[in-house]
Protein chains: 2
Amino acid sequence: MADSAIQIGELSRRTGCNIETIRYYERIGLMPAPPRRGRYRSYGADDVGRLGFVRRARELGFTLDEVRALLGLAVGGNASCAEVRNLAASHLKDVRARIADLKRMERVLADSVRDCDAGQDPGCPLLDALGAAARVA
Amino acid sequence: MADSAIQIGELSRRTGCNIETIRYYERIGLMPAPPRRGRYRSYGADDVGRLGFVRRARELGFTLDEVRALLGLAVGGNASCAEVRNLAASHLKDVRARIADLKRMERVLADSVRDCDAGQDPGCPLLDALGAAARVA
DNA sequence: GCTTGAGTCTGTAGTCGCTACAGATCGTAT
DNA sequence: ATACGATCTGTAGCGACTACAGACTCAAGC
């Protein structure tokens, strides 16, 4: 592999990951501390790959701890595919639960806004939904 | 109104709000500092109502700043119903955006898990989705 | 009267995943 | 020589809690 060393700014550009975030990942051990050219961090193709992986996993909503686990499994070769699957499946459950939560919120909010637009209510439909009226000091 | 003074533990029980959280709300000015009986906080029916309101608004996903605004509007009477409506509508937009985000995640995750269960793939479908393979060091 | 236990008090620090500085230093172009 | 941009370290802030430690108060039981 030729001399493909890049600085942190270029790594940031290539991965779409904020510079401060890259240094943060290094601090918490998610990215390895790269060698230095002078005092500047010097990254290679591996780092671009690894950081891209982290970023995509984050976009799928994995926590940093989960990303750490995924990275460990990814390095271990595809023997660990079943473990990856389980991690993903459990995360998927989380995501679905969050969607369900948000949908419940959505329904109540949408109903209140609709009732408000209808303007029949004597009070305020949303405040009523929140149990306001006489109860709030 | 008779002597319905309660302590923080009872307020917590009645609203389902953690004691530490109640004190936190007081610190940030979301709940008023109640009078003391000795050195213990002494709450009344108003506080139960107000804290219940806060809790329900939080359950609908409003931020504490939004809750603060809602509380202000709730106190002002229903003259401010339009403002409440706008706050809710803008929050609803947020909620819907978050749902859309999560659904995108859900789709990718579900696909990967399904592919993994099919077990046709030479590598690991999820790791592939993350762009792993040769790219992760 | 004395102890025990539950409840409450204050103050501070931790969580997660960044983000935003301040102030120093480095490397290059003019 | 100097200006400019990129990078460096270290620290503090966000939101919304949560989790202590260590002191205190209060009522009941023996």
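Lettering follows sequence order; numbering is per chain, from 1. All values reported here derive from a predicted model rather than from experimental measurement.
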Q: With respect to the phosphate group of D/dA16, does any side-chain polar atom (N or O) of B/Tyr25 fall under 4.0 Å of OP1 or OP2?
A: no
Q: Considering only side-chain heavy atoms of A/Arg23, which listed nucleotide, D/dC17, D/dT7, C/dC26, is closest?
A: D/dT7
Q: Nearest heavy-atom pair of B/Cys124 and A/Cys81: which atoms, and what distance?
A: SG-SG, 3.3 Å
Q: So if I take the C1' atoms of five pairs at each end of the helix from C/dG1-D/dC30 to C/dT30-D/dA1 and get each local axis, what angle do the two axes make, rounded to 10 degrees?
A: 30°
Q: Can you find a donor-acceptor N/O pair under 3.5 angstrom joining the side chain of B/Tyr40 to the base of C/dC9?
A: no
Q: For DNA chain C, whose closest nucleotide is more 5', that of B/Arg27 or that of B/Glu10?
A: B/Glu10
Q: Would you say A/Arg39 reaches C/dT25's phosphate, i.e. side-chain N/O to OP1/OP2 under 4.0 Å?
A: no
Q: Has B/Arg58 got a side-chain N or O lying under 4.0 Å from the OP1 or OP2 atom of D/dC17?
A: yes
Q: Between D/dA16, C/dG17, C/dT19, spot the one nearest the side chain of A/Asn18, thanks.
A: C/dT19
Q: So B/Glu59 and A/Arg104, salt bridge (Lys or Arg N to Asp or Glu O under 4.0 Å) or not? Walk me through it.
A: CA-CA 10 Å; B/Glu59 270 165 14; A/Arg104 250 179 286 116; over 6 Å; no
Q: For A/Gln7 and D/dC8, give me the distance from atom CD to atom C1', rounded to whole Å.
A: 11 Å
Q: Please give, in whole Å, the distance from D/dT9 C1' to A/Tyr24 OH?
A: 17 Å
Q: Return the 5'-most residue of the pair B/Thr63, A/Arg36 with respect to DNA chain D, ranking by each residue's nearest nucleotide.
A: A/Arg36
Q: At under 4.0 Å between heavy atoms, what does B/Arg41 touch on the DNA or RNA strands: base, sugar-phosphate, or nothing?
A: sugar-phosphate
Q: Apply salt bridge (Lys or Arg N to Asp or Glu O under 4.0 Å) to the pair A/Asp111 and A/Arg114, showing each step before the final yes or no.
A: CA-CA 5 Å; A/Asp111 286 358; A/Arg114 182 179 30 67; 2.9 Å; yes
Q: Of the options D/dT25, C/dT10, D/dT18, whose atoms approach the side-chain atoms of B/Thr21 most closely?
A: D/dT18
Q: Indicate yes or no: does A/Asp47 engage A/Arg50 in a salt bridge with an N to O separation below 4.0 Å.
A: no
Q: Would B/Asp65 and B/Arg68 satisfy salt bridge (Lys or Arg N to Asp or Glu O under 4.0 Å), going step by step from the backbone distance to the final call?
A: CA-CA 5 Å; B/Asp65 267 356; B/Arg68 225 186 287 268; 3.6 Å; yes
